[in-house]
Engineer: 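For reference, the structure I am asking about is given below.
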Amino acid sequence: MTNVTLLSCEEGDPEDTENTAKIVVPSQELILSARDDAAEYDEGDSITDFKDDPEVVIFRKANKISFVVKVTPMKAVGDVKIAFKMKYNYKNITTPLGSKEEKETPILLLEHHVDVNLGQVIPS
């Protein structure tokens, strides 16, 4: 399992240079299933034992998830660009060849800056 937290970029964030919209990210933590290569080709329904808020999570299959963020463009024309931070836990499950000793793999907390261009504002 991977726990994912989405955070809005703080005011003055040096990585947040091209935002043209305000974004409201989900306040709850999102949980992803562990990667399962066989599940990629499974035609059956995905596991439904997650207690997802239907207002936030709209699709889930294997270790993929679709979620809703609220976006408000700040310009009437041009591209809508958003940015947010994504924090998640990561555990490297591969072991080096020839390694005979069993040791606990540490879980790391990683953070990435994500930029997304949602395309042009459509005039009404």
Side-chain angles (χ1 to χ4, degrees):
M1 299 289 225
T2 300
N3 300 329
V4 179
T5 303
L6 303 176
L7 304 166
S8 297
C9 292
E10 294 180 9
E11 194 71 34
D13 185 336
E15 292 181 302
D16 186 21
T17 59
E18 297 187 28
N19 255 356
T20 62
K22 293 184 188 240
I23 180 173
V24 177
V25 295
S27 59
Q28 68 193 53
E29 188 173 70
L30 303 173
I31 300 172
L32 297 177
S33 300
R35 182 176 173 94
D36 180 3
D37 290 331
E40 295 290 320
Y41 304 103
D42 187 10
E43 293 296 324
D45 288 338
S46 58
I47 301 171
T48 58
D49 60 347
F50 293 98
K51 307 253 185 295
D52 294 327
D53 180 353
E55 297 288 317
V56 175
V57 177
I58 55 173
F59 172 81
R60 173 186 290 279
K61 182 169 181 169
N63 69 329
K64 295 176 177 62
I65 188 171
S66 294
F67 55 91
V68 174
V69 294
K70 295 182 177 158
V71 177
T72 306
M74 295 186 294
K75 298 185 335 182
V77 295
D79 285 344
V80 178
K81 297 178 182 179
I82 60 171
F84 57 91
K85 301 283 186 186
M86 180 176 67
K87 283 186 175 182
Y88 61 97
N89 58 331
Y90 171 77
K91 182 175 183 178
N92 186 1
I93 57 173
T94 60
T95 56
L97 290 174
S99 174
K100 294 188 183 354
E101 59 184 77
E102 294 279 329
K103 61 180 183 179
E104 186 65 28
T105 306
I107 296 176
L108 304 173
L109 183 61
L110 302 177
E111 181 176 313
H112 294 284
H113 177 85
V114 180
D115 288 309
V116 182
N117 185 337
L118 299 173
Q120 296 281 320
V121 174
I122 299 173
S124 37

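Here the structure is a predicted model, which is why all the values come from computation and not from measurement. Below, each value reflects all heavy atoms present in this structure, side chains not excepted, and no hydrogens, waters or symmetry copies.
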Engineer: Check Ile23 against Ala83 and note the closest heavy-atom contact, atom names and distance.
Structural biologist: CG2-O, 3.8 Å
Engineer: Using a 6.0 Å cut-off, check whether atom CG of Leu109 has over 12 heavy atoms from anything other than its own residue.
Structural biologist: yes
Engineer: Relative to each other, are the rings of His112 and Tyr88 parallel, tilted or perpendicular (30° and 60° limits)?
Structural biologist: parallel
Engineer: Applying side chain to side chain contact (heavy atoms under 4.5 Å, CB included) to Val24 and Val69, what does each step give before you reach the verdict?
Structural biologist: CA-CA 6 Å; Val24 177; Val69 294; over 6 Å; no
Engineer: Only one of Asn3, Thr2, Val56 clears side chain to side chain contact (heavy atoms under 4.5 Å, CB included) with Leu30; which?
Structural biologist: Val56
Engineer: Between Asp115 and Glu18, does a side chain to side chain contact (heavy atoms under 4.5 Å, CB included) hold up when you go through it step by step?
Structural biologist: CA-CA 8 Å; Asp115 288 309; Glu18 297 187 28; 5.8 Å; no
Engineer: Following the transitive rule for hydrophobic clusters with a side-chain heavy-atom cut-off under 4.5 Å over Ile, Leu, Val, Met, Phe, Trp and Tyr, establish whether Leu7 and Val114 coincide in one cluster.
Structural biologist: no
Engineer: May I ask you to decide whether Glu15 forms a salt bridge with Lys85, counting only side-chain N to carboxylate O separations under 4.0 Å?
Structural biologist: yes
Engineer: Determine the minimum heavy-atom distance between Ser33 and Arg60, stating which atoms define it.
Structural biologist: N-NH1, 4.5 Å
Engineer: State, with a plain yes or no, whether a side-chain heavy atom of Met86 is found less than 4.5 Å away from one of Val4.
Structural biologist: yes
Engineer: Looking at Lys81, is its backbone amide N or carbonyl O close enough to the side chain of Thr20 to form a donor-acceptor pair, meaning the two atoms are under 3.5 Å apart?
Structural biologist: yes
Engineer: Look at the side-chain heavy atoms of Ile, Leu, Val, Met, Phe, Trp and Tyr, link any pair under 4.5 Å apart, and say whether Val116 and Val68 land in one connected group.
Structural biologist: no
Engineer: Do Ile31 and Phe67 share a hydrophobic cluster, counting only Ile, Leu, Val, Met, Phe, Trp and Tyr and linking them when any side-chain heavy atoms are less than 4.5 Å apart?
Structural biologist: no
Engineer: Of all heavy-atom pairs between Lys75 and Val121, which one has the smallest distance, and what is that distance?
Structural biologist: O-CG2, 3.8 Å
Engineer: Under a 4.5 Å cut-off applied to non-hydrogen side-chain atoms, are Leu110 and Lys87 in contact?
Structural biologist: no
Engineer: How long is the straight-line distance from CD1 of Ile65 back to CZ of Phe59, given to the nearest 0.5 Å?
Structural biologist: 10.0 Å
Engineer: So which atom in Ala21 and which in Ile82 form the shortest heavy-atom distance, rounded to 0.1 Å?
Structural biologist: CB-CG2, 3.9 Å
Engineer: Let me confirm one number: the CD-NZ distance from Gln28 to Lys51, rounded to the nearest 0.5 Å.
Structural biologist: 13.0 Å
Engineer: Is it the case that atom CD in Glu10 sees more than 12 heavy atoms from other parts of the structure closer than 6.0 Å?
Structural biologist: no
Engineer: Counting C-beta onward and ignoring hydrogens, is there a side-chain heavy-atom pair between Met1 and Asn89 closer than 4.5 Å?
Structural biologist: no
Engineer: Is it true that a side-chain atom of Asp52 and a backbone atom of Pro54 form a donor plus acceptor pair closer than 3.5 Å?
Structural biologist: no
